[in-house]
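The model shown is predicted, which means the values in this text are computed figures rather than measured ones. As the structure lists them, so they are numbered: ligands from 1, and atoms in each ligand from 1.
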Amino acid sequence: MKQPVEKNRKAGGEENGSGKNGAGGPGLKLTKKDFATDQDVRWCPGCGDYAILSTTQKLLADLGVRREDTVFVSGIGCSSRFPYYMNTYGFHSIHGRAPAIATGLKVARPELDVWVITGDGDGLSIGGNHLMHALRRNVDLNIILFNNKIYGLTKGQYSPTSEPGTRAPSTPHGSVDHPANPLSIALGAGATFVARAIDVDAKHLGEVFARAHAHKGTSFVEVLQNCPVFNDDAWAPIVDREHKSVRQLRLAHGQPLRFGKDGELGIRLGAGLAPEVVAVGDGDGEVPPSALLHHDERAPTHYAHLLAELAHPAFPVPLGVLRAEDRPSYEALVGEQVEGAVSARGEDATLHNLLHSGMTWEVGDDGLPR
Ligand code: SF4
């Protein structure tokens with residue numbers, strides 16, 4: 001477990017403000033630099049991870065959180081080097097197990113602000129089981145999944161999100177797997193906050209991370225991240241400047257699903273509850289904005305599933321918060337239960353009594369129960 005390092009600060013800094021999750025309190029106002037470490041960042045030149053790191057460091061400074069209240073837990077993979085570069089507490093743990101470790105930490109220390117950094121291989125393959133259970137339990141974690149559709153650290157094998165036909169060292173004739181959709185998996189597991197953003201769109205990424213951080217419960221964010229070495233431009237059809245207005249759907253709660261340079265296209269429900277792209281306007285063959293689907297982060301889950309399944313090239317790719325639902329967090333329920341059990345037992349509520357209660361027995365010298 002690494003710890004935050006106090007850096008030399010110039011005199012005359014501002015007092016820190018208050019923040020979420022016990023953040024704030026007296027002290028100097030931290031800057032983005034204060035959240036960076038002295039470690040050389042060992043990602044390949046041009047890797048999308050740099051942009052995500054930079055956005056996260058800036059966000060934490062803007063939010064006014066305290067480094068000593070913040071923990072980044074990661075598994076294994078390129079993205080999982082993240083804790084080395086955050087001047088907070090951090091834990092570069094074992095493959096796929098970051099959600100389990102973070103769950104234990106959050107239950108034991110609910111006042112901490114706990115982030116999980118994972119990738120498409122770490123989170124959806126090796127750690128798919130652990131991810132699913134953190135999501136359904138609604139532990140108050142911020143889970144960021146870097147999706148570059150490839151295993152980068154181990155040199156380019158196809159991953160659970162790779163496109164069919166991906167040629168890689170492990171699939172020399174092309175992958176025949178159907179790819180996993182991270183958002184659909186999160187929704188299917190009962191996630192209460194599900195969102196998507198792009199690595200290099202710092203402003204939008206920061207806004208989505210801020211929403212994730214404010215959410216009480218598990219926040220799951222898929223970041224479309226470029227791996228220029230092993231899967232360059234995997235997201236280019238969606239990210240590229242020329243086409244992004246018609247290939248990205250920016251979600252805004254309460255607003256109609258519109259896209260295109262001037263919002264000239266929209267999405268409505270067609271026959272058989274199938275979404276369809278329509279032209280927006282009052283001309284022939286066009287539909288008014290009122291006929292479009294209106295985004296509702298709190299709608300029943302099947303609406304968010306519908307959004308999660310919208311994919312290029314038939315549809316624009318939804319970006320932003322697909323779903324945000326209030327549900328008690330796991331560690332809060334555990335805390336209440338423990339408190340209730342302790343108060344019911346009164347003075348008897350000691351560890352000794354707990355360990356000597358219930359189905360316990362003594363073992364004799366012969367190794368058998370007495
Ligand atoms: Fe980034 Fe890909 Fe290099 Fe890993 S292999 S550091 S994901 S560019």
Distance-only donor-acceptor check, side chains D140 and S329, under 3.5 Å: no
Selection residues 249-275 - residue pairs positive for ring-ring contact (aromatic ring centres under 6.0 Å, His included), sequence neighbours left out: none
Any N, O or S atom of C78 closer than 2.8 Å to atom 2 (Fe) of ligand 1: no
Numbering as shown, the atoms of ligand 1 that approach Q225 to under 4.0 Å (heavy-atom distance): 7 (S)
Atoms in ligand 1 with a heavy atom of C47 nearer than 4.0 Å: 1 (Fe), 6 (S), 7 (S), 8 (S)
Side chains of D240 and R247 in contact at under 4.5 Å (non-hydrogen atoms): yes
Side-chain heavy atoms of T166 within contact of N231, under 4.5 Å: no
Criterion side-chain hydrogen bond (donor to acceptor under 3.5 Å, both in side chains) on T118 and D122, from CA distance to verdict: CA-CA 6 Å; T118 185; D122 185 65; 2.7 Å; yes
Heavy-atom check, side chain of F220 versus side chain of L183, under 4.5 Å: yes
Protein residue, atom and distance nearest to atom 3 (Fe) of ligand 1, heavy-atom basis: C44 SG, 2.3 Å
Heteroatom test (N, O or S) for C227 near atom 1 (Fe) of ligand 1, limit 2.8 Å: no
Contact atoms of ligand 1, heavy-atom distance to W43 under 4.0 Å: 6 (S)
Protein contact of atom 8 (S) of ligand 1 - nearest heavy atom, named by residue and atom, plus distance: P228 CD, 3.3 Å
salt_bridge(K244, D201) N-O dist < 4.0 Å: no
V41, N148, L153: member with heavy atom nearest to atom 7 (S) of ligand 1: N148
Atoms in ligand 1 with a heavy atom of F230 nearer than 4.0 Å: 5 (S)
